[in-house]
Every structure is written in C-alpha cells, then in structure tokens.
Amino acid sequence: MAYTDDWETLMNGVFGPGGRFKAAPGTPAEPRQQPNSTLNDLNAALLEQQKKLDAMLKAQSAQLKTQDTAAEAALADSRRMLRDMENDGLLAKGTTNVKPEHLGSFEGLADEVRQTVLGQDAFVDAVVRAMRRPFVLGTEPPAARNVILLSGGTGTGRHFALEETARCMAARGLLQNDQIAALDLTLYANPAAEKLFLQDLYAALHAPGEIVVFEHYESCCPSFLKTLSDLAVRGSAPLSSRYIVNRDGILVDAGTALAPGAVSCLDPCGKYLIFFSNKGRAAMADKFGASMVSALGDVCETTAYQRADLAALAAQQLNALAQKVTARLGLTLAAGADVRDYVAAQCTPQKGAAGLSGCCDRIFRALSEYCLQTDKPLTGTVTLTAAPEGLLFHLNDATPAPLFDLLPAAYTGALDEIRAEISELVGLAPVKEYVFGLADNLQVQQRRAAAGMKTASLSMHMIFTGNPGTGKTTIARLVAKYLKAIGALKGGQLVEVGRGDLVGRYTGHTAPLTNSVIESALGGVLFIDEAYSLYRGEQDSFGLEAIDTLVKGMEDHRDELVVILAGYTREMETFLTANSGLASRFPNKIEFPDYTADELLQITHVLAKNKGYTLSEACEEPLRNYYARRQADDARTAGNGRLARNTLEKAIFHQSRRLVAEPAAALDVLLPSDLELDE
C-alpha cells in the first residue's frame with residue numbers, strides 16, 4: 001500500500017540507505033563528538049515523518065469512510081425501494097427480510113409459515129410439502145404443477161395457510177408472485193352458465209399468479225366438473241364449441257365462423273390447481289369420479305382447534321388489535337387472560353376461527369364509538385375485562401362499563417311489528433308458541449357464546465300440515481320475516497314455489513331446475529306449498545328426482561337454508577314416504593288446527609274492519625251458528641278462514657243491492673239480511 005513506501009523512505013532518510021544513522025545537514029561528520037545534538041535532530045526528523053504518515057492515514061480513512069457511507073446509503077435506498085414495492089403489491093410481503101441462504105430454497109419454509117398460522121402445524125407441513133412436490137418430481141408445462149385438495153372444517157385456517165405459504169414462497173423467489181386466482185363454483189350451478197364458466201376459467205388460468213383455487217365444487221354443474229377433471233387428469237380440456245380470445249383477453253364464442261387462432265381446448269398453464277372442501281377424498285370421488293381422486297398429488301386436512309391453539313390465536317388477534325388501537329385511536333390497550341379466553345370462545349362450528357377476528361373487529365368498533373363521543377383526543381390506557389354479561393372497559397381510572405353497549409343498536413327488521421302481526425292472528429296458539437320459541441333459543445345460544453360456552457344450532461326446517469284455510473301460507477311468509485328479524489337468517493327472502501317450479505319437462509331437466517331454486521333461496525326460506533303434489537306415486541320419476549335433489553340440497557346447505565313444506569295432513573303423510581331421508585330432515589312438524597266458530601266470527605270482524613265495514617250485533621249469533629254447523633259437518637271442505645272471507649264478500653255484495661233500495665241506510669253497516677247463510 002502507499003503508506004509502506006513512505007515508511008521505507010522515512011527509514012532511509014533517518015538511517016541512510018545502508019542502515020546507518022544519517023546526520024542532519026550542516027552537522028559535523030563525526031556524531032560521537034556531539035551525541036545529544038545528533039539525537040535531537042534525529043527525533044525531530046522522526047516526528048516530522050510521523051506527522052506526514054498520520055495525515056496520510058487520516059486521509060485514507062476518511063476516503064474509506066466516505067465509500068462505506070455511500071454503500072450504506074445505496075443499500076438503504078435499495079431496501080426502501082423494495083419495501084415500497086411490497087406496499088404497492090409488486091412484491092410479496094417479507095421479501096426484504098428473507099435471509100440470503102433461503103432464497104430459492106424450501107429450507108425452514110414450514111417454520112416460517114407456522115409463525116403466523118397457528119394451531120395447524122401438521123396441515124402447514126402438508127401444504128408446504130404439496131407446494132414443494134413439483135420442484136422435486138418436476139413437471140412439464142402446460143400440465144398442472146400439482147393438483148391439491150385442502151379439506152377441513154369451516155374457519156380452521158385453510159385459506160390463510162395457503163395465502164401465507166404463497167406469500168413466503170414468493171418472497172423466497174419460489175413463485176413469481178403471491179397472487180391467487182379463485183373461482184366460486186356455486187356461480188355455475190346449471191348448464192346455462194357454460195359460457196360464463198369457460199370465460200372465468202380461462203381468465204383464472206391465464207392470470208398473473210401461479211395458483212388457481214376452486215371453491216364449493218359440490219354446487220357446480222356436473223358437466224363443468226368434467227372440464228376441471230380433464231384439466232387435472234389429462235392436462236387438457238377440450239371445448240365443445242369454437243372460441244377465440246378477443247382484444248381484452250376474454251374468451252368468447254366464435255359461433256360458426258372460421259376464425260384464425262381459435263381455441264379448441266384449455267390447459268392448466270403449468271399452475272397449481274387447488275380445491276377447497278369441507279369433505280375429503282370420498283366426497284370428491286362421488287362428484288368427480290375415481291380418476292380425479294387418483295390425480296390428486298396431495299390431500300391436506302385441517303383439524304379442529306384445541307383449547308391451547310384457540311388461546312394462542314386469540315392472543316395473536318388481541319396483539320394485532322392493540323397495535324391498531326394505538327395507531328388509530330392513540331390509546332394503549334390492556335387485556336388479561338380473561339379477555340383472551342372470551343375471544344377464544346367466539347370460535348363456533350359455523351364461524352370457526354373467523355369468530356375470533358369478528359370479535360376483535362367488534363371491540364375496535366366499540367372503542368371507536370367511545371372516541372367519537374368527544375372531539376378531544378383521548379390518551380391513556382383502556383382496560384378490558386371479561387364478565388358473565390360480556391366485556392367491560394374503562395379508560396384510565398374511570399368506572400368499568402359494558403363495552404358493546406357503545407355500538408349502535410342493530411337493525412332488527414321491525415321485530416316488534418312482526419311479533420305484533422303474528423300475535424294478532426286469530427287462533428293458532430301452538431304455531432305462535434313454536435315461532436316465538438325460535439327467538440328464545442337463538443338468544444340463549446348467543447348468551448352461551450358470549451360466556452365462552454359451546455353452542456348448538458337447531459334445525460329449523462318445518463312441515464306445516466292442516467286443512468285448507470288454516471293459515472299455513474300466511475304463517476310461512478311471516479316466519480321468513482321473523483327469522484330474518486331475529487338474526488337467524490342472512491337473507492330473509494321467501495322463495496315460494498310449487499311442483500311446476502321444481503319438476504322439469506324432460507329427462508335431466510329436474511335436478512338443475514331444483515338446484516337453481518335452492519340456490520335462489522340460500523340465506524332465506526324456501527316455501528313449497530302443496531308439497532305433496534311432488535309425489536304422484538312410484539312411477540313419477542320426475543317428482544322423485546325433485547325430492548331427492550331437495551333432500552341433498554338441504555344437507556349441503558343445512559346452515560344456509562330453511563325449508564318449509566305445507567300441505568293437507570293426509571296427503572303430507574303419504575308424501576313423506578317418497579324418500580327415506582325426507583321425514584328425518586324435518587324435525588318440526590306443526591299441525592294447524594281447524595278454526596272454531598268463535599274464531600271464524602272473530603276473523604270475519606277483522607276482515608270487515610280492514611275493508612271499512614262493521615257487523616251489526618244482530619249478525620253475531622246467526623254467523624256463530626252457521627260457522628259451528630259448517631265446521632262440524634266438514635271443516636276440510638268448508639275452507640276454515642276461506643269460509644269467513646267468502647261469507648263476508650257475499651254479505652258486502654248483498655248490502656250493495658240493499659243500499660240501492662234504501663239510500664238513507666248506513667253505508668258501512670252489514671245487517672243479518674245481508675248474510676247468505678246456507679241452511
């Protein structure tokens with residue numbers, strides 16, 4: 001280096017080229033005669049050279065330091081740019097934190113995923129192994145990299161585990177990106193959706209990501225499942241029509257035109273094909289066939305969360321909530337093990353672990369409402385505690401108060417008005433008792449959930465039986481509104497159908513038609529009036545197919561649908577024998593009793609009032625006797641409520657004729673002479 005040459009020059013200048021002392025200029029030739037003077041001159045020369053050397057070393061150190069600072073600045077800029085790309089979605093989250101030795105490697109990947117996916121260690125190992133398989137075995141595009149089934153209960157972390165695995169793989173460079181294209185196969189329940197299905201499938205297979213996910217294959221049209229099976233098994237799915245890709249990259253039907261570049265088949269484009277299901281191989285074989293199950297490279301199944309797993313998940317959610325509260329509300333959140341256990345208890349069979357995140361979201365919304373009550377910024381610590389009645393909170397030294405009371409009252413769908421409307425119906429005491437009991441059960445289950453106890457979901461499928469005119473259709477319509485109001489249904493719509501809406505006109509038409517009706521009623525009530533008409537004997541193959549499809553649809557969507565069957569008592573008893581599993585699907589059989597004479601008289605008064613009429617007192621006894629006689633003779637043919645309506649309409653007609661002859665008579669009063677009571 002440069003300072004080495006300068007040091008040699010210094011030494012030569014002091015000792016001379018031969019290694020002898022060199023006297024300073026102007027000194028005597030014999031150094032022995034003046035030793036002190038010679039040494040002084042020597043020290044001065046050494047000090048001078050040392051100063052020069054120090055100056056050189058400082059300059060070199062400053063230069064190196066400048067270079068290091070520039071390198072560090074460039075490195076910081078590079079990391080900042082990578083983080084910006086992460087935030088913009090151009091890179092997978094965590095790319096900047098990947099260790100160099102992990103780039104392009106699966107080493108430690110499962111451990112990395114398990115840091116965020118808790119309570120499903122074996123499932124994470126299986127997913128990582130499934131994603132690694134094509135890297136070990138090798139694949140030849142455009143064949144699928146791997147065909148994977150991810151099964152398990154709702155809310156057990158299947159989707160999150162896949163998302164985290166894809167994110168970590170993309171950060172390590174094992175995937176181009178962490179994007180996942182998803183198809184919800186419930187959108188393609190009947191053959192009429194063929195073009196939409198092929199367009200969406202083509203778009204998913206050609207999306208930027210390397211993973212294509214298929215949800216709810218159980219509800220997909222069977223012919224479309226054949227296309228998916230061909231992709232997985234054969235590596236190519238032929239198209240029945242000629243298609244082309246337009247300028248927007250959309251697959252469109254070319255009709256009979258001989259278009260250049262026509263697409264005759266679809267291929268997996270070298271992507272992972274992943275199917276989600278609550279069920280395993282056997283259910284998939286029933287839908288796709290054995291060849292599809294044989295084509296599965298991996299089957300990964302989640303398990304139910306254990307108590308310790310839920311506690312860890314709840315702690316994770318609360319930590320994220322605390323950070324959010326600090327960042328958004330400026331408060332410090334404090335919560336103990338009691339709150340953690342309360343949040344963990346929100347995991348239900350219907351929601352799974354999603355109940356935990358939903359609870360934390362509700363906590364944040366409640367605290368936000370508290371902050372919105374004042375325009376002054378709040379500071380300090382907000383402490384949560386769990387009590388039998390729910391969560392309590394207090395800010396700093398304030399008195400604890402119910403947390404969720406801060407939230408706006410939920411819309412009940414005019415619950416009080418609906419209850420009043422049901423209560424005002426004449427008679428039907430056992431029916432009202434059952435309907436109002438549904439709300440009581442739901443309330444108790446909500447209280448059990450809030451207390452961290454297990455909940456039980458009851459089947460709400462019902463059969464209404466009774467003679468004509470006993471209010472079955474009226475009650476069914478009110479039940480749909482009532483179930484929506486109490487929160488038992490997501491949608492609350494009432495889909496009212498008969499045989500003609502479920503039974504097809506030709507072979508193969510019935511099942512898709514029935515399935516489409518079921519799909520339209522999801523989240524609400526499917527009401528089948530005169531349901532016994534679906535079964536016209538063992539030779540009625542179309543009706544039996546509709547019943548079989550209905551039974552299967554009820555099982556597949558047992559948490560999303562309430563089915564009410566209505567019909568005459570004797571006919572419904574025969575109908576329930578059409579399918580061995582039909583009767584067991586309806587634990588709630590409600591018999592609508594015939595109206596008494598007094599109830600029919602009361603119905604007549606209500607109908608008259610609604611039409612702007614009143615019955616004179618003299619009409620009471622004749623009507624009561626008439627109704628008693630008709631009901632005793634044959635309530636089934638008399639019509640029950642229809643008898644009261646028909647009797648009133650006849651009275652109004654006769655009153656009109658009477659008023660023409662008596663212009664001064666009251667326009668709104670019905671007299672005994674207006675009644676037409678058959679003897």
Side-chain angles (χ1 to χ4, degrees), residues 185-197 216-227 240 283 285-289 459 461-466 468 472-473 476 480 493-558 560-589:
L185 298 179
T186 58
L187 299 175
Y188 323 106
N190 56 72
E194 179 181 11
K195 292 182 180 179
L196 177 62
F197 168 72
H216 308 121
Y217 71 78
E218 302 88 350
S219 302
C220 186
C221 176
S223 61
F224 304 155
L225 295 182
K226 177 64 167 58
T227 300
S240 58
D286 289 341
K287 279 288 186 179
F288 285 94
S459 173
H461 300 309
M462 312 172 205
I463 291 181
F464 292 170
T465 59
K472 300 183 293 296
T473 301
Q493 76 274 21
L494 174 70
V495 178
E496 189 173 340
V497 297
R499 177 184 171 93
D501 301 297
L502 300 173
V503 176
R505 297 183 297 276
Y506 50 85
T507 302
H509 185 212
T510 297
L513 187 61
T514 303
N515 277 325
S516 65
V517 171
I518 293 173
E519 293 290 337
S520 69
L522 292 182
V525 173
L526 174 59
F527 175 57
I528 306 177
D529 201 7
E530 299 182 355
Y532 52 82
S533 64
L534 290 175
Y535 180 61
R536 295 175 175 173
E538 296 180 357
Q539 304 304 317
D540 182 13
S541 59
F542 285 9
L544 290 172
E545 184 180 6
I547 295 172
D548 294 343
T549 305
L550 176 65
V551 170
K552 187 177 185 307
M554 292 171 61
E555 178 63 24
D556 292 342
H557 305 287
R558 57 184 177 271
E560 306 174 80
L561 180 68
V562 172
V563 178
I564 299 178
L565 306 181
Y568 305 145
T569 303
R570 290 197 300 267
E571 288 82 347
M572 289 299 292
E573 290 176 356
T574 304
F575 166 73
L576 291 177
T577 64
N579 181 290
S580 58
L582 184 59
S584 62
R585 295 288 189 277
F586 293 90
N588 310 303
K589 299 180 179 64

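Heavy atoms only: backbone and side chains are in, while hydrogens, waters and symmetry mates are out. Residue indices begin at 1 and follow the sequence shown.
- With rounding to the nearest 0.5 Å, the separation of NZ in Lys287 from OG in Ser219 is 7.0 Å.
- Other residues, nucleotides and ligands contribute at most 12 non-hydrogen atoms within 6.0 Å of the NZ atom of Lys195.
- Of all heavy-atom pairs between His461 and Phe586, the closest is CB-CD2, 3.7 Å.
- To the nearest 0.5 angstrom, Leu225 atom CG is 4.5 Å from Phe288 atom CZ.
- To the nearest 0.5 Å, atom CZ of residue Arg585 and atom CG of residue Leu576 are 13.0 Å apart.
- When every heavy atom of Ile547 is checked against every heavy atom of Phe575, the shortest pair comes out as CD1-CE1, 3.6 Å.
- Taking OH of Tyr188 as the reference point, atom SG of Cys220 lies at 8.5 Å (rounded to 0.5 Å).
- Residue pairs satisfying the salt bridge (Lys or Arg N to Asp or Glu O under 4.0 Å) criterion with at least one member in residues 570-584, sequence neighbours excluded, are listed as follows: Glu571-Arg636.
- Applying the salt bridge (Lys or Arg N to Asp or Glu O under 4.0 Å) definition to pairs two or more places apart or across chains, those involving residues 494-508 are Arg477-Glu496, Arg499-Asp540.
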Acceptor/donor pairs from residues 515-533 side chains to any protein atom, 3.5 angstrom cut, sequence neighbours excluded:
residue : atom : partner : partner atom : Å
Asn515  : ND2  : Ala511  : O            : 3.3
Ser516  : OG   : Pro512  : O            : 3.4
Ser516  : OG   : Leu513  : O            : 2.6
Ser520  : OG   : Val517  : O            : 2.6
Asp529  : OD2  : Thr473  : OG1          : 3.4
Ser533  : OG   : Glu530  : O            : 2.8

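- Of the listed residues (Lys472, Met572, Met462), just one forms a side chain to side chain contact (heavy atoms under 4.5 Å, CB included) with Leu565, and that residue is Met572.
- Closest of all the heavy-atom pairs between Phe224 and Ala193 is CZ-C, 3.7 Å.
- Separating the CD atom in Glu194 from the OG atom in Ser223 is a distance of 6.5 Å, to the nearest 0.5 Å.
- Of all the heavy atoms in Ala546 and Val503, the pair that sits closest is CB-CG2, 4.1 Å.
- Here CG of Asp548 is found 11.5 Å from NZ of Lys552. Values are rounded to the nearest 0.5 Å.
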